[in-house]
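Take a look at the structure set out below.
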Amino acid sequence: MENRSPSLREKVKQLRRTFLDKLPGTLSEARRLCDLLVRVPSDSNTLDDLYRTFHSIKGTGASFGLMEISAEGAGGEQLVLQLQGLEAGARGPQLAGMLPGLEARIVRMEELLKLARSQDEGGPAETPSFNLSENPQKIVSKRVFICDDDELQAETLAAQLSCFGYGVSIFTNPDSMRAALMVAPPDAVIMDIVFPGGVNGTDVVANLQREMRVPPPVVFISSRRDFEPRLRAVQAGGEAYFTKPVKAIELVEVLDSLTLGQEPEPFRVLVVDDEPEVAAYHSFILEQVGMTTRLLHEPSTILEELSEFKPDLVLMDMYMPTCTGRDLSRLIRQVPEFISLPIVFLSSETNKVKQVSALRVGAEGFLTKPIQPEDLISAVAIRAERMRTLRSLMVRDSLTGLFNHTFMSQFLDTALAGVKRESGRLCFAMIDVDHFKSVNDTHGHPAGDQVLVALARLLQQRLRHSDMVGRYGGEEFAVILQDVGVEEARTIIDNLRADFAKVRFSAGDREFSCSFSAGIAGFPAFAQADLIRESADQALYRAKKSGRNQVQVA
Amino acid sequence: MKILVVDDDAMAGEMTGAVLEDAGHAVVMAENGIEAMEKLNENPDVALVVSDMNMPMVSGIDLFRDLREQGLDIPFILLTGDDPGPLKAQEPRLDDCLTKDFTLDTSLIAAIDAVLARRG
């Protein structure tokens, strides 16, 4: 090394620093792949990606003299190799045993990274950095870069996207975007193709794909409609291609699918066992693979626990001092809300007759203790997944994917019971698209559907996770806002109203916009579910009478 | 001399490139086997290939075999994160196979000199 020329030494130092800067991203990618693998252990592509990730850390780490990091990478690579050697079906069971090993290597590399940095700097390990992406104050959940030399067009698009909850930064030249991207990659990039001076957007993106280990998804926009730029866009790794003028709704749909769904809600499992250690052990196994669990040792509080925790599945000990699992599951099944909740028994019972009798009262499955961690995980995951699919089919509206009328009514009843008990607050808002019939008549039903889907998406994106959004029928939507007073609810819904009015729709060559009216009623002013619904409906009627495009409170 | 460096890992490729440039060579980069072929067609004056072994789709050894199949007898040095022994055994026609490590600036340059001397 001492023989190296000054310029090479400097270059190597720089590269090594870049490698270290990128390592956290690489390691979080490794984590993401591990998670993915837990969900689909048989997926060879994920396994290949994980192998390459560790392999590259091993190789490149060694190139920069980071031998310890390289060794950890090699360790990870070995573990993945073992998995690759197995039949696809046999990987799941092995995986559970290997995960802690993989995780330990990743953690160790993070420590080594800090150490290496502090040695490089000759100072403190923590260098001040700009954490653009970790600002806790930020309300906007998804960040998007638009790179277009036509600033006006970019701003119009940005305004539309921000209505759907995207935080947009505009760059008029690719170099400035590239610089910002290296500091804090956004969730997606929208890239123009033709720039002044012969710069080509597809080349810029192709280079990014080379430079970054995990490049953000890219959507190309261009006024060219022919084959050649489309081909180049695909070759550069573009996820989608839109011709200008870009329809914001369609773009949002693609951005949603690109940026959502990376982190599905973890499965929620209620573990019922009178022995705390046993319950803790089972919950530990499930939490290891990312599920959320809650423990219950005292069966008498199970109904409250079910309403509050809303599990996807109950894992229950067969024999408990106060009552048997059989009785408890029959009790649960008698509550209409929980009639389809999967219940899995866990017991040292090996007697087939008794197992069958447990299944007869509606248990989904019967697992025998002691159980292998991987068997427990797959038994729970398969049933919880199926439950989620079924439930979403039963309670969702087919056009918008929102909850349907029946579900919303039920939910209002349940939620109201909850806030009464805790003397909390709750608001119910009815939302109705203004002049919807004339949209259908003037622009056709596909345009009308476009409006409904856009409103559904807007509501879903901008409201909190705890707020329930449903399609009540026709062009009518309902929102249940939990733990919010009527004035606050009015502000929230009114902001949505203002943003929805800004969204431009297109039908053929024509553009149009829409508005909605809303009526809100809340607890405690109205104490019964029927009364709340009725009052909200009357408030909505007043909003319509007073000229539409407004929010009224009952 | 003009050298083609093939590596899917941009950092590793840059590193190799830096070593070669420092030794006075001109470097052309490719990030996969297909791009390597293109670069070779565009740059007929490339006199040597240094390629990573482990790349998606087309591995370093596949690339080497493709080149030979096409009748291109260009000197080819394979870099690997693993022990080079088995790879050399697997493909004895390789001009050389080296382990990626921090001594690349001496080992790679020495290997290139040796290959060129052998080939005359």
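Below, read A as the first sequence line, B as the second, and so on, with proteins coming before strands; counting in each chain starts at 1. None of these values were measured; they are calculated from a predicted model.
- Only the side chain of A:Glu77 has a heavy atom closer than 4.5 Å to any heavy atom of chain B.
- Annotation for A:His55 and B:Gly81: closest pair NE2-N, 4.5 Å, computed over non-hydrogen atoms.
- When heavy atoms are compared at a cutoff of 4.5 Å, B:Asp52 does not approach chain A at all.
- For A:Glu111, the CD atom is densely surrounded, since the number of other residues' heavy atoms within 6.0 Å is greater than 12.
- Taking each heavy atom of A:Arg210 and B:Ala10 in turn, the nearest pair found is O-CB, 3.2 Å.
- Partners of A:Glu228 under the salt bridge (Lys or Arg N to Asp or Glu O under 4.0 Å) rule, at least two apart in sequence or in another chain, are A:Arg224, A:Arg232.
- With a threshold of 4.5 angstrom between heavy atoms, B:Glu14 approaches chain A through its backbone and through its side chain.
- Remark: B:Met15 CE to A:Thr18 OG1 distance equals 12.0 Å, nearest 0.5 Å.
- How far NZ of A:Lys58 is from OG1 of B:Thr80: 6.5 Å, rounded to the nearest 0.5 Å.
- Note: A:Ser56 OG to B:Asn54 CG = 9.5 Å, rounded to the nearest 0.5 Å.
- A distance of 7.0 Å separates OG1 in A:Thr60 from CG in B:Asp7, rounded to the nearest 0.5 Å.
- Of the atoms belonging to A:Arg52, it is side-chain heavy atoms, and not backbone ones, that fall under 4.5 Å from chain B.
- Once rounded to the nearest 0.5 Å, the distance linking CE of B:Met11 with CD1 of A:Ile57 reads 12.5 Å.
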